[in-house]
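Proteins come first, then strands; the chains are lettered A, B, ... in the order of their sequence lines, and each starts at number 1.
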Protein chains: 2
Amino acid sequence: MPTLQDVSRRAGVSTATVSKVLSNTPYFTEETRRKVMEAVRELGYVPNLAARALAAGKTHIIAVVFPYVYEPIFSDPLTLRILGGIESVITQRGYNMLLSTPRLSPSGPDEHYRQLVLSGYLDGLIAIDNVPEASVIEDARAKNLPTVVIGYDVRDGDYWVRSDDFSGGEQIMTHILGLGHRQIGLITVPENMNMALEHRIEGLRAVAQAHGLDFDSLPRANGDFSTESGAACAADLLTRHPEISALICLNDRMAMGAIQQARLMGRRVPQDLSVTGYDDIPAASSFAPPLTTIDQRAPESGQVAARMLFDILEGATPEPTVLPVHFVLRETTAPPTPDFRPSMPTNRSESREEEPPA
Amino acid sequence: MPTLQDVSRRAGVSTATVSKVLSNTPYFTEETRRKVMEAVRELGYVPNLAARALAAGKTHIIAVVFPYVYEPIFSDPLTLRILGGIESVITQRGYNMLLSTPRLSPSGPDEHYRQLVLSGYLDGLIAIDNVPEASVIEDARAKNLPTVVIGYDVRDGDYWVRSDDFSGGEQIMTHILGLGHRQIGLITVPENMNMALEHRIEGLRAVAQAHGLDFDSLPRANGDFSTESGAACAADLLTRHPEISALICLNDRMAMGAIQQARLMGRRVPQDLSVTGYDDIPAASSFAPPLTTIDQRAPESGQVAARMLFDILEGATPEPTVLPVHFVLRETTAPPTPDFRPSMPTNRSESREEEPPA
DNA sequence: GGACGATAGTTAATCGCTTAACTATCGCCA
DNA sequence: TGGCGATAGTTAAGCGATTAACTATCGTCC
């Protein structure tokens with residue numbers, strides 16, 4: 001591979017001049033540029049990025065960090081769409097994207113990841129961080145590496161972008177309540193697992209209580225994001241509380257599992273049971289029936305995060321961003337039918353569910 | 001950030017010795033190692049990867065290349081699972097994964113990608129290459145960069161791994177024929193778009209012809225991998241050829257679209273119409289009804305590719321690999337019912353479809 | 001005409017690490 | 001005892017760029 005020096009010799013100038021021409025630093029003539037460019041072409045010169053990184057202290061590599069927590073990112077359509085959004089911006093700016101999926105333990109991310117962050121190999125970092133414990137950006141913060149977090153685990157001074165989960169929860173509950181449902185079941189995930197989901201729950205709660213509903217006494221079961229767990233939760237909930245006329249699920253996959261399970265138990269959706277999801281994954285619209293859900297605009301959040309990062313790299317100090325969510329009305333919700341409306345007006349007498357089904 | 005020199009001073013040895021200890025190159029005492037390691041710990045030293053890359057000529061970065069062709073990879077669950085497989089091996093070996101998605105044009109991949117490949121930033125490359133034109137590995141080949149291709153666009157001497165698409169096609173057709181179907185519709189993609197799919201078609205053809213069926217005269221429509229296009233193709237096919245009792249789709253998403261469309265047209269699946277997919281994406285098993293399909297073991301192919309790459313890096317010359325596929329019998333296929341069996345035994349009189357629906 | 005600022009290009013130090021070549025020491029054996 | 005090979009560690013030369021500091025040239029303005 002030809003080096004800068006080869007080019008400089010061939011063009012009959014110094015390496016400094018070649019470097020200037022290539023990086024468009026002032027003070028060279030058109031004639032010089034021509035000679036240099038021609039030498040570059042003739043030799044097929046391509047700059048050595050490692051050398052450039054060492055000398056200039058810039059690697060043009062942005063790490064995108066998806067911690068390996070509850071499940072592999074590679075099966076979660078949502079994080080993937082975020083990734084797509086990030087990729088589009090990074091590529092467009094001529095940067096490269098290093099995908100890192102550190103394993104998390106209570107003592108923090110794995111050693112290999114920590115070395116990467118501290119190694120000077122990275123110009124910036126974008127991390128998904130919704131998990132309360134074990135922050136993935138501590139080292140980056142300590143090293144002053146430009147970092148944008150997508151999610152909630154931030155502290156003062158951090159740059160972040162997040163989806164308006166609270167509003168998403170509000171919109172769902174408003175819709176369900178507006179339809180006339182009062183016997184509502186919740187399919188959630190264990191507490192302290194994901195802060196985004198907890199904000200959705202807070203949104204649900206706010207609206208429920210504004211309507212005089214005792215949110216904490218609503219039947220509730222915890223899944224683990226998967227379709228299967230959604231089915232299991234639905235089985236549990238519908239068995240113990242046959243009066244339920246609407247099921248609010250905190251993500252689409254659990255909603256889809258719940259619908260299948262409900263059908264197995266003889267409930268038609270939406271006639272006998274309304275179900276809502278969250279995320280609007282690709283499968284949601286082609287599901288039968290198409291799922292009423294919340295569109296988080298995941299690709300957009302990736303793009304916004306990437307743009308914020310480049311702002312920081314250029315010396316600006318971008319504002320943290322909360323992205324609006326969009327309610328997607330499809331066909332899994334309907335007003336409750338009298339058959340499934342029990343005689344008592346609320347479910348105050350019901351016991352509360354906390355544990356997930358086996 | 002402390003450097004190697006800082007460590008060497010603190011430990012009271014030369015930088016060469018520190019380097020040796022850290023890379024475990026022979027000839028130092030246990031005592032020396034202790035001193036060095038202690039200095040490393042005290043200073044919080046982390047090697048600078050750019051400097052290491054420049055000096056040693058190894059970056060510990062593997063590029064994973066998913067060309068942007070017919071659609072963004074970020075919505076294709078299949079390539080994503082391959083990515084997951086690759087990631088697991090790369091991470092485990094302590095390498096980093098650079099995700100590159102070059103834009104392809106008839107003149108080749110974009111310039112930024114070419115620079116990356118030639119820049120010396122990469123220790124190896126894994127590429128998905130099923131698109132006939134515009135190879136993504138030409139530069140890598142020219143530069144002698146260790147490369148493994150997942151797919152078909154290879155030439156002699158290349159390392160590759162691919163799924164046994166031909167056998168997959170055979171198994172699908174054998175199953176459908178064994179069920180008794182003879183009025184078979186095909187939902188495919190345009191020719192020269194994806195070589196893997198063409199091999200599946202060859203597998204289908206081989207078995208069909210062995211059974212005396214004129215494969216080329218089977219009704220056929222071309223989609224573009226998407227659910228929507230599957231629905232459109234199904235609408236087209238079932239309208240023109242109502243006698244069709246089985247629909248073979250070359251991927252799951254098109255199959256799912258086809259099933260929804262068939263249902264809209266009053267066909268029950270599988271009673272009135274059998275449908276098969278290909279890929280076994282996550283949604284396939286939770287679809288209603290669960291989809292009969294082919295499992296390609298995508299994560300495995302990613303793992304195999306990554307392992308092959310490390311073999312090459314270690315000086316070995318691994319054998320190209322064809323991975324077996326697995327037929328997944330679920331609930332979208334059944335024997336044809338007499339109602340939908342037309343009087344003529346074959347469809348020799350039918351015209352052939354080539355164009356996709358608008 | 002001389003001084004000065006802008007322009008064009010060069011020299012050489014530097015980034016932080018690896019490694020070939022070299023020196024020094026030690027044990028062992030003929 | 002001398003010599004040799006193995007062991008332990010050092011010196012210093014790169015790797016291939018960037019860039020600060022410097023020199024040289026030229027036009028302009030008083």
Participant: Can you sort out the partners of B:Y152 under ring pair (Phe, Tyr, Trp, His ring centres under 6.0 Å), two or more places apart, ordered by chain and number?
Facilitator: B:H199

Participant: Just to be sure I understand the geometry, which residues of residues 1-8 of chain A put a non-hydrogen atom under 4.0 Å away from DNA chain D?
Facilitator: A:T3, A:L4

Participant: Sequence neighbours excluded and cut-off under 3.5 Å, please list the side-chain donor-acceptor pairs for residues 29-39 of chain A, or say none.
Facilitator:
unit_1 : atom_1 : unit_2 : atom_2 : d
A:T29  : OG1    : A:T32  : N      : 3.1
A:T29  : OG1    : A:T32  : OG1    : 2.7
A:E31  : OE1    : A:R34  : NH1    : 2.9
A:E31  : OE2    : A:R34  : NH1    : 3.4
A:R34  : NH2    : A:E38  : OE1    : 3.4

Participant: I'd like to check the side chain to side chain donor-acceptor pair (under 3.5 Å) partners of B:Q92; sequence neighbours left out, ordered by chain and number.
Facilitator: none

Participant: Could you list the residues that satisfy side chain to side chain contact (heavy atoms under 4.5 Å, CB included) with A:D6, not counting sequence neighbours?
Facilitator: A:P2, A:T3, A:R9, A:L43

Participant: B:A51 or B:Y27: which one's nearest nucleotide on DNA chain D is closer to the 5' end?
Facilitator: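 The residue mapped nearer the 5' terminus is B:Y27.
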
Participant: A:S19 side chain N/O closer than 4.0 Å to the phosphate oxygens (OP1, OP2) of D:dT18?
Facilitator: yes

Participant: How long is the line joining CZ of A:F28 and P of D:dT19, in whole Å?
Facilitator: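 So the CZ-P distance, A:F28 to D:dT19, works out to 14 Å.
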
Participant: Under the side chain to side chain donor-acceptor pair (under 3.5 Å) test, which residues partner A:S8, sequence neighbours left out?
Facilitator: none

Participant: What is the separation between atom CZ on A:R52 and atom C1' on D:dA17, rounded to the nearest whole Å?
Facilitator: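 Those two atoms, CZ and C1', are 8 Å apart.
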
Participant: Reading DNA chain C 5' to 3', which nucleotide is the first, and which the last, to come under 4.0 Å of any heavy atom in chain B?
Facilitator: C:dG16 to C:dT19

Participant: Mind calculating the distance between OH (B:Y121) and C1' (D:dG16) to the nearest angstrom?
Facilitator: 13 Å

Participant: Hey, does A:A16 reach any base, or is it just sugar-phosphate, or nothing, if we go heavy atoms under 4.0 Å?
Facilitator: base

Participant: With sequence neighbours excluded, tell me which residues meet ring pair (Phe, Tyr, Trp, His ring centres under 6.0 Å) with A:F310.
Facilitator: A:Y95

Participant: Side chains of B:V21 and B:V40: closer than 4.5 Å at any heavy-atom pair?
Facilitator: no

Participant: On DNA chain C, compare the nucleotides closest to A:T15 and A:T29; which residue's is nearer the 5' end?
Facilitator: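 Comparing both residues, the 5'-ward one is A:T29.
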
Participant: Less than 4.5 Å apart, side chain to side chain, heavy atoms only: is that true for B:Y159 and B:L309?
Facilitator: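 No, side chains not in contact.
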
Participant: Base, sugar-phosphate alone, or nothing: which one does A:T32 contact when heavy atoms must sit under 4.0 Å apart?
Facilitator: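 Result for A:T32 = sugar-phosphate.
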
Participant: Just to verify, what does B:T59 make a side chain to side chain donor-acceptor pair (under 3.5 Å) with, not counting sequence neighbours?
Facilitator: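 Once residues adjacent in sequence are excluded, the partners of B:T59 under the side chain to side chain donor-acceptor pair (under 3.5 Å) criterion are B:D123.
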
Participant: Taking side chain to side chain donor-acceptor pair (under 3.5 Å) as the test, write out the residues that go with B:E300, two or more places apart.
Facilitator: none

Participant: Under 4.0 Å between any heavy atoms, over every strand shown, what does B:S23 touch: base, sugar-phosphate, or nothing? Just pick one.
Facilitator: nothing

Participant: With sequence neighbours excluded, what pairs up with A:D311 under the side chain to side chain contact (heavy atoms under 4.5 Å, CB included) test?
Facilitator: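 With sequence neighbours excluded, A:D311 shows a side chain to side chain contact (heavy atoms under 4.5 Å, CB included) to A:E314, A:A316, A:P318, given in chain and number order.
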
Participant: Give me the bend of the helix from C:dG1-D:dC30 to C:dA30-D:dT1, using the axes of the five pairs at each end, rounded to 10°.
Facilitator: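 Answer rounded to 10°: the end axes differ by 50°.
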
Participant: Could you check A:A56 against B:L54 and say which one's nearest nucleotide on DNA chain D is further toward the 5' end?
Facilitator: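 The answer here is B:L54.
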
